[in-house]
Amino acid sequence: MQVNVTLDRENALPLDPEETLGNIAITDETGCRIRQENIWVDDWLAALVNGVEALGRGEESFSADIESEASPIVFGLQGELFSLSFAETTLTGSLSAFRNDLKKGVQKMLAAFEPDVCFRPDSLWAQLQIFAD
């Protein structure tokens with residue numbers, strides 16, 4: 001699966017960790033896609049990271065709520081088959097490949113901030129920074 005996250009660059013730079021609006025597209029190997037626009041990027045990335053980490057701990061399924069969305073992201077793992085569902089769309093693929101793509105997406109977003117930015121320890125960006133390291 002590929003994870004593509006873009007930020008809304010209409011906001012003045014430097015990028016404010018509290019105002020990170022953007023778009024996300026997640027595409028599996030069959031071309032099936034989950035695409036959401038005008039979202040809080042940190043909320044979505046944190047939900048995806050939470051799901052990946054839950055499956056990595058051995059859980060077979062995990063539901064991640066997103067504050068700004070009515071539907072959760074649902075993760076599943078049956079043997080080697082990884083699935084990610086949102087609303088009425090389900091993507092399938094490799095959990096390890098998705099984790100790697102997600103990590104690259106998080107690193108790309110973190111690189112958009114000024115090098116000396118300091119995230120609040122309780123912020124989603126601080127949690128995402130731990131995942132990206």
Side-chain angles (χ1 to χ4, degrees):
M1 280 186 223
Q2 293 181 338
V3 179
N4 184 18
V5 184
T6 56
L7 292 171
D8 178 1
R9 288 298 187 160
E10 293 178 11
N11 298 328
L13 293 178
L15 191 60
D16 181 352
E18 302 298 321
E19 297 292 329
T20 52
L21 287 173
N23 307 312
I24 191 164
I26 307 166
T27 310
D28 70 9
E29 290 79 20
T30 68
C32 193
R33 176 184 289 181
I34 294 171
R35 179 170 174 75
Q36 291 296 108
E37 297 181 352
N38 201 30
I39 53 127
W40 295 109
V41 172
D42 53 342
D43 285 346
W44 267 82
L45 290 175
L48 293 171
V49 167
N50 288 339
V52 165
E53 290 182 337
L55 297 182
R57 289 189 303 268
E59 295 184 37
E60 292 181 1
S61 65
F62 184 81
S63 180
D65 290 323
I66 303 172
E67 188 174 321
S68 59
E69 301 290 346
S71 301
I73 301 174
V74 179
F75 300 81
L77 188 61
Q78 291 183 332
E80 295 296 314
L81 182 62
F82 164 65
S83 64
L84 184 149
S85 301
F86 176 72
E88 297 180 14
T89 305
T90 299
L91 310 178
T92 58
S94 160
L95 178 60
S96 62
F98 180 70
R99 180 180 173 76
N100 289 338
D101 282 345
L102 180 58
K103 189 171 190 174
K104 288 176 189 173
V106 170
Q107 289 169 339
K108 176 184 169 190
M109 290 299 99
L110 290 168
F113 292 100
E114 293 292 317
D116 60 346
V117 70
C118 185
F119 301 116
R120 287 188 347 260
D122 63 339
S123 74
L124 295 176
W125 286 113
Q127 295 169 18
L128 291 167
Q129 196 168 37
I130 292 167
F131 174 77
D133 289 340

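Note: hydrogens, waters and symmetry copies are ignored here, and every other heavy atom, side chains too, is used.
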Roughly how far, to the nearest 0.5 Å, is the CZ atom of F86 from the CD1 atom of I73?
6.5 Å
Would you confirm whether Q2, through its side chain, and T27, through its main-chain N or O, come within 3.5 Å as a donor-acceptor pair?
no
Taking every heavy atom of A97 against every heavy atom of S94, the minimum-distance pair comes out as N-OG, 3.2 Å
Check: T92 main-chain N/O paired with D28 side-chain donor or acceptor under 3.5 Å
yes
Any heavy-atom pair between the side chains of L84 and L48 that's under 4.5 Å?
yes
Considering all heavy atoms, the nearest L110-A132 contact:
CD1-CB, 3.7 Å
Looking at every heavy atom in both S63 and P72, which two are closest together, and how far apart are they?
OG-CB, 3.4 Å
Side-chain contact, heavy-atom cut-off 4.5 Å: N4 with K108?
yes
Can you tell me how far CG of L55 sits from CG of N50, rounded to the nearest 0.5 angstrom?
11.0 Å
To the closest 0.5 Å, what do you measure between CZ (F75) and CD (E53)?
10.5 Å
Where A54 and F62 come nearest, the two heavy atoms and their spacing:
CB-CD1, 3.4 Å
Is there side-chain contact between I24 and V41, with at least one heavy-atom pair below 4.5 Å?
no
Verify the cluster assignment for V3 and V74: are they in a single hydrophobic cluster under the rule of side-chain heavy atoms below 4.5 Å apart?
no
Find out whether W44 and V5 are in side-chain contact, i.e. whether some heavy atom of one side chain is under 4.5 Å from a heavy atom of the other.
no
N23 side-chain N/O to N38 backbone N/O, donor-acceptor pair under 3.5 Å
yes
CD1 of I39 to CD of E69, rounded to nearest 0.5 Å, is 7.5 Å
Atom CD of Q129 and atom CD of Q107: how far apart are they, to the nearest 0.5 Å?
11.0 Å
Separation between OG1 (T90) and CD1 (I34), nearest 0.5 Å, reads 7.5 Å
Other residues, nucleotides and ligands only: do more than 12 of their heavy atoms fall within 6.0 Å of CD on Q36?
yes
Non-hydrogen atoms of A47 and A64 that approach each other most closely
O-CB, 3.7 Å
Does atom CZ of R35 have more than 12 heavy-atom neighbours from other groups under 6.0 Å away?
yes
For atom CD of E29, decide whether the heavy atoms of other residues, nucleotides or ligands shown that lie under 6.0 angstrom number more than 12.
yes
Any side-chain heavy-atom pair of L124 and W40 under 4.5 Å
no
Mind checking whether M109 and L45 have side chains closer than 4.5 Å, heavy atoms only?
yes
